[in-house]
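The structure displayed is predicted, hence computed values, not measured ones. Sequence positions, counted from 1, serve as the residue numbers for this chain.
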Amino acid sequence: MGNKVVRDNFEWVYTDQPHSDRRKEILAKYPQIKNLMGPDPQLKWTVSCMVLVQILCCYLVRDLSWKWLLFWSYAFGGVINHSLTLAIHDISHNVAFGNKSARWNRFFGMFANLPIGMPYSTSFKKYHIDHHRYLGGDGLDVDIPTDFEGQFFCTPMRKIVWIIIQPLLYILRPLYVNPKPITHMEVINALVQFSFDWVIYSLWGLKPIVYLLAGSLLSMGLHPISGHFIAEHYMFLKGYETYSYYGPLNLLTFNVGYHMEHHDFPSIPGSKLPEVRKIAAEYYDTLPYHTSWGRVLWDFIFCKELGPFSRVKRECELAKKD
């Protein structure tokens, strides 16, 4: 992707995000896309199988050496756990049981959360709403790096460190950028999660817990699948703030790569997003997109024009009121 520009700050824009207007235009031309909205009946079964596989793995790794434990955490368990975080992403949009059963979606998100090892699903839901409603919103969208991140993580080695510590940044950044009160659902999420961890520890010892936690932390750091964190919204081309990825790793990630389509239609399950692109091809085929998350990571690390500052920011109405 050419025409890259050097940035020493964020790319500030003074227009609304493009997804709302494109959604209206596409629906006016292709109203049949509304038929794709609603729950995905297969999601709950797919997620349940993944959770059960990880519980089985907890039993299988209980006597592994630490070397092989970490290897399988990165190569296998981490792939499943990262995929489960993306299932939680879909579940946060109520596509497991539908909008009329929002509470069931919240509890099912907690179930999908179990192999991740730490409470995640309810807090993710709380902040992810803002990411869609106020994309790039200063002080609202906690997906945007802080000024410190942009200023400090600006060399290849520092950017590698930044990628490795992404899980930590996703935990700490909301507390600094847009702190919110803890909800009762977050307390329930934590109680359920730590109870599960205690049961696993009581049955099979410490190694299964390390397997789960290491898989989550390693797979959301320097890992091929984690390229989607950067591919989705980092500005590889000036003027474009959201990108899709059309590649084989979508098969493992609930089609999170169809990110342009997802932001246009967040209530459509990931499994049906390829149909959106097929129906409204003229709207998506002309937009820049990625074909390799590995290449995204490589370019981000070694291209001096790219870094944590490579994001579009805007002032949103709610921020002005505050």
Side-chain angles (χ1 to χ4, degrees), residues 1-15 17-19 82 85-86 127-128 130-132 134-178 217-245 247 249 253 256-257 259-260 262-263 287-316 319:
M1 296 182 180
N3 301 323
K4 292 173 181 172
V5 292
V6 177
R7 305 179 188 87
D8 58 4
N9 208 330
F10 295 104
E11 184 80 9
W12 283 89
V13 298
Y14 302 93
T15 58
Q17 58 167 295
H19 299 287
H82 197 136
T85 68
L86 298 172
Y127 283 101
H128 191 63
D130 290 342
H131 172 63
H132 277 271
Y134 309 113
L135 180 63
D138 185 35
L140 292 170
D141 184 358
V142 298
D143 193 54
I144 300 285
T146 61
D147 288 341
F148 170 77
E149 291 172 64
Q151 293 162 0
F152 184 78
F153 297 104
C154 56
T155 66
M157 284 305 300
R158 291 183 183 185
K159 284 190 275 187
I160 290 174
V161 172
W162 183 79
I163 292 171
I164 291 172
I165 65 173
Q166 277 299 295
L168 179 63
L169 295 174
Y170 269 83
I171 293 171
L172 296 179
R173 192 187 297 140
L175 305 179
Y176 172 76
V177 174
N178 187 16
L217 295 172
L218 293 173
S219 69
M220 289 192 279
L222 193 60
H223 193 282
I225 293 181
S226 71
H228 78 86
F229 287 126
I230 295 169
E232 291 166 358
H233 295 294
Y234 283 79
M235 197 167 63
F236 282 73
L237 279 178
K238 186 176 178 64
Y240 295 93
E241 59 183 302
T242 306
Y243 300 80
S244 284
Y245 154 81
L249 290 179
T253 57
V256 74
H259 215 66
M260 187 75 74
H262 170 64
H263 271 264
L287 296 172
Y289 60 87
H290 299 290
T291 57
S292 168
W293 281 336
R295 179 59 187 269
V296 165
L297 290 171
W298 180 273
D299 287 347
F300 182 83
I301 291 168
F302 294 106
C303 185
K304 66 180 182 180
E305 293 88 0
L306 293 170
F309 271 140
S310 303
R311 290 293 297 264
V312 168
K313 287 188 78 172
R314 53 173 54 86
E315 286 283 350
C316 292

Geometric cation-pi criterion, R311 with Y234: 6.0 Å, 45°:
yes
Any heavy-atom pair between the side chains of W293 and T253 that's under 4.5 Å?
yes
Those residues at least two apart in sequence (or on a different chain) that pass ring-ring contact (aromatic ring centres under 6.0 Å, His included) with H223 are Y74
Qualifying salt bridge (charged side-chain N to carboxylate O under 4.0 Å, His left out) pairs, either residue in residues 156-178, two or more places apart:
E149-R173
Pair H262-H132, side-chain donor/acceptor within less than 3.5 Å:
yes
Side-chain contact, heavy-atom cut-off 4.5 Å: H233 with L135?
yes
Beyond-backbone contact of L169 with Y176, side-chain heavy atoms, under 4.5 angstrom:
no
Does the pair T146 and F152 meet the rule for a side chain to side chain contact (heavy atoms under 4.5 Å, CB included), with working shown?
CA-CA 10 Å; T146 61; F152 184 78; over 6 Å; no
Of Q17, E232, H131, which is the lone residue that meets side-chain hydrogen bond (donor to acceptor under 3.5 Å, both in side chains) with H263?
H131
Under a 4.5 Å cut-off applied to non-hydrogen side-chain atoms, are P145 and W162 in contact?
yes
I160 versus L222: any side-chain heavy-atom pair under 4.5 Å?
yes
Side chain of S226, backbone of G221: donor and acceptor closer than 3.5 Å?
yes
Would you check if the distance from the ring center of F309 to the ring center of F10 is below 6.0 Å?
yes
Test of ring centre spacing under 6.0 Å for H82 and F229
yes
Can you check whether L237's main-chain N or O pairs, donor with acceptor, with Y243's side chain at less than 3.5 Å?
yes
Below 4.5 Å, heavy atoms only, C-beta onward: do Y170 and M220 meet side chain to side chain?
no
Is it the case that H19 and T242 place a side-chain donor and acceptor less than 3.5 Å from each other?
yes
For P156, enumerate each residue passing the side-chain contact (heavy atoms from CB on, under 4.5 Å) test, keeping only those at least two apart in sequence or located in another chain.
I301, F302
